[in-house]
Amino acid sequence: MTERITGAKAIVKTLERLDVDTVFGLPGGAILTTYNELNDNTKFNHILVRHEQGAGHAASGYAIATGKVGVAMVTSGPAATNVVTALADANMDSVPIVVITGQVAASLIGTDAFQEADIVGITLPVTKHSFLVTKPEDVPRVLTEAFHIASTGRPGAVLVDITKSAMVGELDFEFPVEMELKGYNLKDHPDHQCLSAALELIKDSKKPVIYAGGGCVRANAELELMQFVKLLNCPVVTTLQARGVIPDSSTFALGMVGMHGTIAAAGSLQEADLIIALGTRFSDRVTGRLSEFAQHAKFIQADVDASEIGKNREIDAPLYGDVKQTLRFLNSELENRVDQHEQAKKLQPWWGFINELREKYPLYLDEECAQESAGQGLGNLSPQAVIKRIGEVAKEHDEDAVFVAGVGQHQMWASQFLGFEKPHNWVQSAGLGTMGYAIPAGMGAKAGRPSSDVWVVDGDGCFQMTNQELATCRLAGLPIKVMLINNGTLGMPRQWQSLLYNNHYSQTDLHDGADGWSGEIVRGDGVEKGTREAKPVPDFMKLAEAYDCLAIRVTRPEEVDEALERAAAEKERPVVVEFQVAKNAKVFPMVPAGESNDEIMYTQNLRPLSKRAAKEVAR
Amino acid sequence: MTSAAHKYTLSILVENKPSSLTRITGLFARRAFNIHSLAVGPTQIDDVSRVTIVTDETTAPVEQIVNQLRRLIYVLKVTVMDSNTSVNREIILVKVAADSSVVAERTAVLEVANLFRTKVVDVTPTSLTIEATGSATKLHGFIEALKPYNILEIVKSGTIAISRGPDTLEEAHSLGEA
Ligand SMILES: Cc1ncc(C[n+]2csc(CCOP(=O)(O)OP(=O)(O)O)c2C)c(N)n1
Ligand SMILES: [Mg+2]
């Protein structure tokens, strides 16, 4: 049965038929025709954001937390360009989102019409695919294709740019419609030959490590992964994206790998004879200096994106296909081949080496740094201790709590200390590293998972990029809990300035922390001395109250628990708890950018894996 | 062999959409792959175009370039053409100054044209325009032979390539795919 309707109505109907339950957006000229079709009978919930970037990140947070496609809808021109960052962010992290943008009428395209932007052209490099729809009859098919492309294979961001003329014009609506994607082929499982090669490598290995990435989360492969790990009695390192895909409480889990990963993770990769990379792309943040990465290892790499296999590193057994299917196959073969007892015996020395690293170099809270700050008018909470406690309290109240983070030091501490037990409960911007991601993404996660508590660990810098979405959260009934780790600075760049730029803190002080601002004006020709009593600008408590949030400021360690309990108990309003933490706290371990993973620093003065140091000692 | 990287000819079948070519060339630019030559045109199949690109491996292995191209949704097929089992052709138009009053020069240019079995497609009292088709090597030789004379203008197409024998790209079992 077909029905004669406008393109605008077809957009709404198609979204409904695709089982969309939430759309984040903000209207404007070129898309008003479509907004006119939203009413009380619309089957999805539209959440009115305050900035289009927020709509995009919200779609992404929704998608990561639910595993479904996140949807955003905005108008043309500046709205479309506002959403570019979110598209790039989602695409880089393989997050399935569809963004619908309004476009000027087809007859006006190319004339520099009011609010015209060539958004398909602008976003070509940062989307999985994009469509320009100029005919109303294409609406149902293109939207169906967009959802299919976003959610299958390696997921990603898809843009659908729809002209005003396609919204106004009419079509004979029919659903479902057949897709026309001749060039889009998906690969289920790898070829048998490659799988056999992988099994041989596994058999021969005495020092294997599983290097699990975001692809395992996107493929919902956590059960298969756990079985694989147990069959092989094999240690696992997880990337920033994959935290939780193997529970941190598991004895097999060595924690995060990479620039701020654990010593055990770095040490195991560098010493391994076999690295089994699953749904991960050998990012420079993981490999360190590529030429010195895991030099003794053979490599198995499983990925659903053929172009990731061997992109940065030559691979001995490439496994092109879905990670979940691949693991299923490997597991069924290994079940028959591996004698658990023999395997455990074979890996005993390897575990001995790893456990020694684990015991000698655990993650630490660095409370000394916090104590040093006391009496200097600086925040004196240990950020690591606060974040660890957030993780504990959150999980006591809701074992399925979702954690979200911004970008910076607080993100790394969150990844290190929250403690992840499940996938899909960790939402953050890894590949693009987008400051301001957390509040809108947390909002999206809460919209998708209303019964889970959503704890947003944010930085004072990040918070100032997107906090306007707290208004959206308040009005849309999305009570997220923002844990503002306020160190009064752009902490991550400041850390680099401390370690690499001789403590020259160029343009990283935000004057929004415990030490505040006393009115000094910094100009090119010098500093005009401040005269007033120091106060933070902005005052985050006033800001939070302005958004009708529960606002709590924590300045002393003994106040932490009570604040967290109050935050956990608040079910109606968003919460902002500001923790005034030590400005000089640093994220360790750390592999200095561009250096070998062997040079990982446990503290500023200790490089436990350094071959350089070892050589010097030997001499 | 010189130190120059080995060149590859890629044949790409792509859905004929307005953005198809931009997506392909954009990919080359973004991933820092070189394009030495590019040719695009319609095929025997409606709404399918064929793009022929000559590239090299200086920045990435050819498999990487092929895999990246396959990720593009509108790309239907990508094959690396093997020069031993395919026919590769370029076309070139060369305008040479050849004054009809200097008979010796005009004759000499025409001799070169003949030697390379090319065609003179335009004649004026002061110039000759020659059309030549052939492999890149042959055309290179042709230009070298014309160098002693006064070349006014050169226009060259991208390389196009087709496999020898009855198989077509459409049916070809393309490299690396199951
Ligand atoms: C949009 C954007 N601009 C700049 C950066 C570079 N950058 C990375 S972390 C960071 C500081 C973040 O400050 P804050 O939110 O206070 O976090 P902290 O590191 O202090 O925990 C900056 C400026 C970025 N990642 N994203
Ligand atoms: Mg900060």
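Just so we're on the same page: letters track the sequence lines, and every chain starts at 1. The structure presented is a predicted model; accordingly, all values stated were derived computationally and were not measured.
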Exercise. Does B/Arg30 CZ have over 12 foreign heavy atoms under 6.0 Å away?
Worked result: yes
When rounded to the nearest 0.5 Å, the distance separating NZ of B/Lys17 from CZ of A/Phe131 is 7.5 Å
Distance col, row B/Gln64:CD vs A/Asn312:CG, nearest 0.5 angstrom, shows 8.0 Å
### Query
Around B/Lys138, counting heavy atoms of other residues, nucleotides and ligands shown, do more than 12 lie under 6.0 Å from its NZ?
yes
Report task. Check step by step if side-chain contact (heavy atoms from CB on, under 4.5 Å) holds for B/Arg71 and A/Arg154. Result -> CA-CA 10 Å; B/Arg71 279 214 318 193; A/Arg154 177 179 182 176; 3.4 Å; yes
If you count the non-hydrogen atoms of other residues, nucleotides and ligands that lie under 6.0 Å from CD1 in B/Ile162, is the total more than 12?
no
* To do: Count the heavy atoms of every other residue, nucleotide or ligand shown that sit under 6.0 Å from NZ of A/Lys298, and state whether that count exceeds 12.
  => no
Bottom line for B/Gln68: the part with an atom under 4.5 Å from chain A's heavy atoms is both
- Message: Taking the side chain as everything from C-beta on, heavy atoms only, tell me whether A/Ser130 gets closer than 4.5 Å to B/Arg23.
- Response: yes
So, the part of A/Leu132 with a heavy atom under 4.5 Å from chain B: the answer is neither
Item to complete: Return yes when atom NE2 of A/His189 has more than 12 non-hydrogen atoms of other residues, nucleotides or ligands closer than 6.0 Å, and no otherwise.
Response: no
Within a radius of less than 6.0 Å around CD of A/Glu178, do more than 12 heavy atoms belonging to other residues, nucleotides or ligands occur?
no
Between the CG atom in A/Asn185 and the NZ atom in B/Lys77, the distance rounded to the nearest 0.5 Å is 8.5 Å
- Query: Do other residues, nucleotides or ligands put more than 12 heavy atoms under 6.0 Å from B/His140 NE2?
  - Reply: no
Item to check | B/Ile160 atom CD1, over 12 foreign heavy atoms within 6.0 Å | outcome: no
Here the gap from A/Lys182 atom NZ to B/Ile45 atom CD1, rounded to the nearest 0.5 Å, amounts to 8.5 Å
Between the CG atom in B/Leu27 and the CG atom in A/Leu124, the distance rounded to the nearest 0.5 Å is 10.5 Å
Honestly, the part of B/Leu72 sitting under 4.5 Å from a heavy atom of chain A is backbone
Value for CD1 (B/Ile73) from NZ (A/Lys128), rounded to nearest 0.5 Å, stands at 5.5 Å
